Amino acid sequence: MTERSDSELIELFQNGDESAFNHLVLRYQEKVYWVARRFVNDHDGADDVTQDVFCKVYESLGSFRGEASVYTWLYRITVNIALNSLRRQKVREFFRIDEMFEAKDEDSVAPDEALEQQEQKTLIEEAITKLPEKQKSVFVLRYYDELPYEDISKILKTSVGGLKANYFHAVKKIQEYVRRAHRTH
Amino acid sequence: MRIEHIEYLLPEYLNGTLADSLRPGVEEHLKHCSSCRTALSELRQTMEMLEARVPADPPSAYFTTVLPRIRERLEGKESRNVFVNPLLAKLALPIGAAVVVLFILLSLSSLVSESETANNPLQAVVHGSSTDELIDVVLDMMPLHPLSSPTLEVETSSMLGVRLLRGEHLLADVNEASFAEDFTLDETMSEELEQLNEADLEALVQRLGERTVL
């Protein structure tokens, strides 16, 4: 079963073989997880997205007609569910806005060098989080998953030229965000 | 050979994936364009910074747990269709109407100026219309609304939609394009917002997702 192609697994599933779905999960779970992780930045969020993605896949697999490759289809579902997760997170953060202004505990300050590195990592993560959805999606798929623009074009249904523009602007925004943050500290 | 938007090719040029046919044109351009050379240098610095960011691995043996938990969830799963829940089915139309009215208010606000108020073409349509009629008009007139605007760093639609869910009027200043960027929260509103439940959130996210251009 592990040697079967994606379309063969789907055909098996559509003919009643539940184990075919299991093999799809095992084949793609790491990819899905890491795409989700790049969007939501934490393990628990990525785990939730991963589970949601495969539940959605299970619900939809029976009617999948192969208009796109399984690979493209899975990526598209993952991006959409990850973005929905981020939208929920933003609305919830809105409720907790007062907590953002609570004084930090001075005892929790790390040594200077480790703090600087941690701040840098946090700034980059923040910068990526703040990208507009389209740019964020293009950036995650291109930079972290190293997908060819032609594949991303099918996933996001955007022209290759548009993707390259989005990618360039995403990197510039990250750069600007970090630079501005350093200027104010 | 003239290449348009050379700056968009710089990321590929930097990581060595640029097509051979385009490389000479880009290199020739870089010899004569200091702003693109600067952009390339800044890009290189940003990429180095990104490469240093390595997230922690998930807990060991995590991937052995994914399938069993998905299977458990599928076996015990209730429908996630929000419209199957009678309460959410009741809430969907008023919540949807509230979000749509927000778009109308924003459209009207952007059309209004001191000299143009009397000539606002939407006034005749909006005045005296029922909620259902307004929904039909707006859906016919408005394209899918981007959830995030390139001019704003913070996605604002969800925050604005929440205010309307609470029955508050949105006092949009027509001259303020980035009304959520310097967002201030008064105490009364934060208490009211905390009363929104998961069902409201779910419906709001679904409506916003339907209206989002990806």
Side-chain angles (χ1 to χ4, degrees), chain A residues 22 25-26 29-30 33-34 37-38 41-43 46-47 50-52 54-56 58-59 79-80 83-84 86-88 90-92 94-95 97-98 117 120-121 124-125 128 130-135 137 142-143 148-149 156-158 161 164-165 167-169 171-175 177-179, chain B residues 4-5 7-12 15 17 39 42-43 45-47 49-50 52-59 62-63 65-67 69-71 73-74 77 80 146-150 152-155 157-159 161-162 183 185 187 190 193-194 196 198 201-202 204-206 208-209 212-214:
Chain A
N22 296 349
V25 173
L26 295 172
Q29 60 179 348
E30 287 193 47
Y33 171 84
W34 281 109
R37 181 78 181 263
R38 298 299 182 186
N41 278 324
D42 73 288
H43 167 70
D47 178 46
T50 302
Q51 301 231 4
D52 285 350
F54 284 111
C55 286
K56 175 75 179 172
Y58 184 85
E59 287 164 12
V79 168
N80 281 328
L83 288 174
N84 262 344
L86 286 174
R87 289 173 192 136
R88 282 194 194 87
K90 278 194 165 55
V91 175
R92 287 202 182 88
F94 183 77
F95 301 157
I97 193 165
D98 288 343
Q117 286 176 2
Q120 185 86 314
K121 282 188 188 171
I124 292 170
E125 284 168 2
I128 294 171
K130 288 190 181 301
L131 290 173
E133 288 187 347
K134 188 64 154 292
Q135 289 178 16
S137 304
R142 177 66 184 161
Y143 180 78
Y149 279 117
L156 299 183
K157 298 182 181 175
T158 302
K164 291 183 182 180
Y167 184 75
F168 176 79
H169 288 301
V171 175
K172 273 196 76 82
K173 279 204 171 77
I174 292 168
Q175 174 188 301
Y177 185 89
V178 173
R179 186 181 295 167
Chain B
E4 290 190 18
H5 296 297
E7 64 273 21
Y8 298 159
L9 302 178
L10 293 179
E12 289 174 283
N15 70 12
T17 58
E42 289 173 347
L43 205 58
Q45 286 172 17
T46 307
M47 290 307 189
M49 193 170 56
L50 285 163
R53 175 188 170 244
V54 180
D57 283 335
Y62 164 72
F63 288 109
T65 71
V66 172
L67 179 59
R69 286 185 296 123
I70 288 170
R71 276 296 180 190
R73 193 166 139 176
L74 288 171
K77 193 174 179 297
R80 283 179 177 262
L147 185 62
S148 57
S149 159
L152 300 176
E153 290 185 9
V154 176
E155 288 161 5
S157 301
S158 54
M159 295 181 186
V162 164
F183 191 83
L185 183 68
E187 290 176 5
S190 65
L193 289 169
E194 282 167 9
L196 272 188
E198 288 293 325
L201 270 179
E202 191 67 46
L204 175 61
V205 167
Q206 180 165 1
L208 291 168
T212 296
V213 174
L214 180 64

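This is a predicted model, so every value here is computed, not measured. Heavy-atom basis, side chains included; hydrogens, waters and symmetry copies ignored.
The aromatic ring centroids of Y33(A) and F63(B) lie less than 6.0 Å from each other.
Under the side-chain contact (heavy atoms from CB on, under 4.5 Å) test applied with Q175(A), the options M47(B), E42(B), M49(B) reduce to a single match, E42(B).
Using a 4.5 Å cut-off on side-chain heavy atoms (C-beta onward), R71(B) and Y58(A) make contact. Counting heavy atoms from C-beta on, the side chains of V178(A) and T46(B) never come closer than 4.5 Å. Using a 4.5 Å cut-off on side-chain heavy atoms (C-beta onward), D47(A) and Y62(B) make contact.
Heavy atoms of D42(A) lying under 4.5 Å from chain B are absent altogether. Only the side chain of V25(A) comes within contact range of chain B, with at least one heavy atom under 4.5 Å from a heavy atom of that chain. If you measure heavy-atom distances from T65(B) to chain A, you find no contacts under 4.5 Å at all. The part of E12(B) that comes within reach of chain A is its side chain, from C-beta onward, which places non-hydrogen atoms under 4.5 angstrom from that chain.
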Worked check of side chain to side chain contact (heavy atoms under 4.5 Å, CB included) between F168(A) and L9(B): CA-CA 8 Å; F168(A) 176 79; L9(B) 302 178; over 6 Å; no

Criterion side chain to side chain contact (heavy atoms under 4.5 Å, CB included) on H43(A) and D57(B), from CA distance to verdict: CA-CA 8 Å; H43(A) 167 70; D57(B) 283 335; over 6 Å; no

Stepwise side chain to side chain contact (heavy atoms under 4.5 Å, CB included) test for R73(B) and D52(A): CA-CA 10 Å; R73(B) 193 166 139 176; D52(A) 285 350; 2.4 Å; yes

L26(A) and V66(B): CA distance, side-chain angles, deciding distance, side chain to side chain contact (heavy atoms under 4.5 Å, CB included) verdict: CA-CA 9 Å; L26(A) 295 172; V66(B) 172; over 6 Å; no

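Rounded to the nearest 0.5 Å, atoms CG (L74(B)) and SG (C55(A)) are 4.5 Å apart. For the atom pair CG (N22(A)) and CD1 (I70(B)), the distance works out to 9.0 Å, reported to the nearest 0.5 Å. Atoms OG1 and OH, on T17(B) and Y149(A) in that order, are 7.5 Å from each other to the nearest 0.5 Å.
When all heavy atoms of W34(A) and A56(B) are compared, the closest pair comes out as CH2-O, 3.8 Å.
Note: Q51(A) leads R38(A), Q51(A), K164(A), E30(A) in heavy-atom pairs under 4.5 Å with chain B.
Between the side chains of H169(A) and Y8(B), at least one donor-acceptor pair of N or O atoms lies under 3.5 Å.
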